[in-house]
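For reference, the structure discussed in these notes is given below.
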Amino acid sequence: MSTILDSLDLVSERMQQEQANLKALIKEKMQIKVTDAELNDKVDRLIYNHCLKKKELQELFGLSRVTFNTRIDEAIESGVIGQPIIQGRTHLYNRFDVKNFMDHMALPRYADRFNSIVVAVENHKGGTGKSTTTVTLATACALDLNLNARCLIIDLDPQGSTGQNLIHQDSEEAVYMTAVDVALSELEPEGDFAQYLEQGYEKSELIKAIPFKTHLPNLDVIPAFPSDERFVDVYWGQDEAGQSELLCALREKIIPSLREEYDLIFIDTPPQNSPILWAVNEAADAVLIPVTPREFDFSSTTNYMATMPSTFRELPSKGENLKWAKLLPVNFDEKSSHEVKVFNKLLRSTQGHLLSTAIRHSEAFVSAAESNRTVWDIRKSEQLCSGKQLDLALTSVNAVYHQFITEMKQLATKGL
Ligand SMILES: Nc1ncnc2c1ncn2[C@@H]1O[C@H](COP(=O)(O)OP(=O)(O)OP(=O)(O)O)[C@@H](O)[C@H]1O
Ligand SMILES: [Mg+2]
């Protein structure tokens with residue numbers, strides 16, 4: 001006899017099917033025809049949207065047209081980069097070729113002058129814009145060719161799908177391992193990570209192999225999965241020494257290997273004060289706290305701020321690794337007098353701990369998220385939202401990015 005649970009099974013099946021359909025639809029929409037009609041070449045929309053015109057590339061290198069042309073022709077001939085996409089009279093170079101060309105021409109890298117930085121994005125309040133801020137800022141860093149940094153996003157929110165949505169590589173043969181899998185590997189001898197170690201792989205090499213590729217050559221991602229939630233149960237099952245070891249796992253066992261490969265490491269966190277967040281805090285150099293200037297968010301951020309310093313002091317490192325902590329107003333509608341009032345309250349109470357730029361409220365963020373993208377990844381011509389809304393979003397994230405990266409560079413200057 002059919003019970004309500006059987007019928008709920010069907011609901012779940014249908015919902016999963018809808019999800020799969022949506023993913024297939026997004027994938028299909030992402031394939032676009034870019035070259036002359038008769039060639040009928042299809043290029044991934046995300047790759048296409050970030051292509052650089054030859055002139056833009058020339059300006060980046062500061063070379064004369066003739067010298068630049070010679071260099072780029074040589075690079076194509078010797079196989080350093082592929083042929084550009086030809087669109088009418090425009091030559092377009094994808095970001096992977098741009099990166100190879102930059103390496104070939106030995107352009108200065110972030111790592112030459114700055115140390116690596118681990119930035120945790122957190123706020124216990126759900127839906128404040130943590131994931132949007134993480135991905136938007138990490139993408140901005142990766143797109144900044146003058147910065148020339150290697151960027152990584154670690155998703156540590158078991159209930160979120162930010163990290164999974166960013167994966168942009170053939171994943172049929174991939175082994176999905178998360179930061180939590182590594183953190184728990186000594187307690188889970190049957191797990192993938194421990195099994196690889198058994199087979200003789202070196203720990204550091206294994207950790208470096210975990211991140212997935214995204215649509216940008218210098219942005220990788222370590223996704224999270226609902227099974228990462230077990231970290232909390234395992235933590236509470238340990239004695240004091242075991243708990244302390246777990247809190248240090250990210251900082252001591254995982255991050256050092258990742259710092260060898262990445263310059264800017266962003267960590268997206270869950271909306272709870274939980275052992276996962278404490279392990280992140282233990283590993284963070286900087287904490288960025290997105291806050292929406294609305295009354296409810298203000299009061300929950302007030303609660304978060306009330307516990308934050310003591311939470312850090314109770315960590316194994318006593319919070320002494322933390323070098324920077326600031327609030328960032330996000331999803332801010334400057335036209336709302338109510339929001340301006342709350343924003344002013346934030347200004348008064350946070351003083352030097354508030355970034356003076358803000359991410360504005362814009363439907364472009366929602367439109368971008370609907371196709372698993374950031375506002376940097378959409379073009380006006382796609383008409384996913386109004387051009388005005390996209391401009392509003394981009395202008396504000398640009399300002400935030402510049403302020404943020406300047407502060408990070410001050411923090412990370414080598415020799416300080
Ligand atoms: N500046 C913005 N303008 C308009 N909508 C936004 C903006 N920033 C975020 N949003 C929307 O708000 C919702 C919540 O954002 P997001 O997922 O980044 O928050 P979160 O803090 O990571 O949430 P959670 O606590 O559930 O992890 C999303 O639907 C997102 O598209
Ligand atoms: Mg989130």
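Indexing begins at 1, ligand by ligand and atom by atom, following the structure's order. Worth knowing before you read on, the calculation uses all heavy atoms, side chains too, and leaves out hydrogens, waters and symmetry mates.
- Between E186 and K203 there is a salt bridge, with a side-chain nitrogen of the basic residue lying less than 4.0 Å from a carboxylate oxygen of the acidic one.
- At least one N or O atom of G127, backbone or side chain, sits closer than 3.5 Å to an N or O atom of ligand 1.
- Here H124 and Y304 bring their ring centres to under 6.0 angstrom of each other.
- Contacts between S131 and ligand 1, counted as non-hydrogen atom pairs separated by less than 4.0 Å, involve both the backbone and the side chain.
- Residue D268 places no N or O, backbone or side chain, under 3.5 Å from any N or O of ligand 1.
- For E295 and K341, the salt-bridge test fails: no basic side-chain N is under 4.0 Å from an acidic carboxylate O.
- In R360, the part holding a heavy atom less than 4.0 Å from any atom of ligand 1 is the backbone.
- Ranking protein heavy atoms by distance to atom 19 (O) of ligand 1, first place goes to G129 N, 2.9 Å.
- Under a 4.0 Å heavy-atom criterion, T128 is in contact with ligand 1.
- Of all protein heavy atoms, the one lying nearest to atom 20 (P) of ligand 1 is K130 N, 3.4 Å.
- Between F231 and Y235, the ring planes lie parallel to each other; the angle is under 30°, not in the 30° to 60° tilted range.
- The side-chain heavy atoms of D285 and L322, taken from C-beta on, include no pair separated by under 4.5 Å.
- D391 pairs by the salt bridge (Lys or Arg N to Asp or Glu O under 4.0 Å) definition with K380, not counting sequence neighbours.
- Between T269 and ligand 1, no pair of N/O atoms sits closer than 3.5 Å.
- Excluding waters, the set of protein N/O/S atoms under 2.8 Å from the Mg ion (ligand 2) reads S131 OG.
- Ranking protein heavy atoms by distance to atom 11 (C) of ligand 1, first place goes to N331 ND2, 4.5 Å.
- Protein heavy atoms all stay at least 4.0 Å away from atom 28 (C) of ligand 1.
- Here D157 has side-chain heavy atoms under 4.0 Å from ligand 1, and that is the only part of it that gets that close.
- The shortest N or O to N or O distance between G126 and ligand 1 is not under 3.5 Å.
- When only interatomic distances are considered, the shortest N/O to N/O separation between T132 and ligand 1 falls below 3.5 Å.
- Close approach of ligand 1 to V366 is summarised as follows: ligand atoms under 4.0 Å from at least one heavy atom of the residue are 5 (N).
- Residues F101 and Y93 place their aromatic rings such that the two centres sit no closer than 6.0 Å.
- Between R294 and E339, at least one side-chain N (NZ, or NE/NH1/NH2) sits under 4.0 Å from a carboxylate O, which counts as a salt bridge.
- Between W376 and T136, the closest side-chain pair of non-hydrogen atoms falls below 4.5 Å.
- With hydrogens left out, the protein atom closest to atom 4 (C) of ligand 1 is S362 O, 3.2 Å, a heavy atom.
- For atom 13 (C) of ligand 1, the nearest protein heavy atom lies 4.0 Å away or farther.
- Applying the salt bridge (Lys or Arg N to Asp or Glu O under 4.0 Å) test between D263 and each of K409, R150, R113 identifies R150 as the sole match.
- Atom CG of N148 and atom SG of C141 lie 12.0 Å apart (nearest 0.5 Å).
- For the residue pair Q238 / E245, no side-chain donor-acceptor distance below 3.5 Å is found, with atom types taken as modelled.
- Applying the 4.0 Å criterion to heavy atoms of P271 picks out, from ligand 1, the atoms 25 (O).
- Ring planes of H215 and H50: tilted class, angle from 30 to 60°.
- Protein non-hydrogen atoms do reach within 4.0 Å of atom 9 (C) of ligand 1.
- Residues P158 and P270 meet the side-chain proximity criterion, which asks for heavy atoms closer than 4.5 Å.
- Checked options D220, T214, D44, N372; the residue passing with H168 is D44 (criterion: side-chain hydrogen bond (donor to acceptor under 3.5 Å, both in side chains)).
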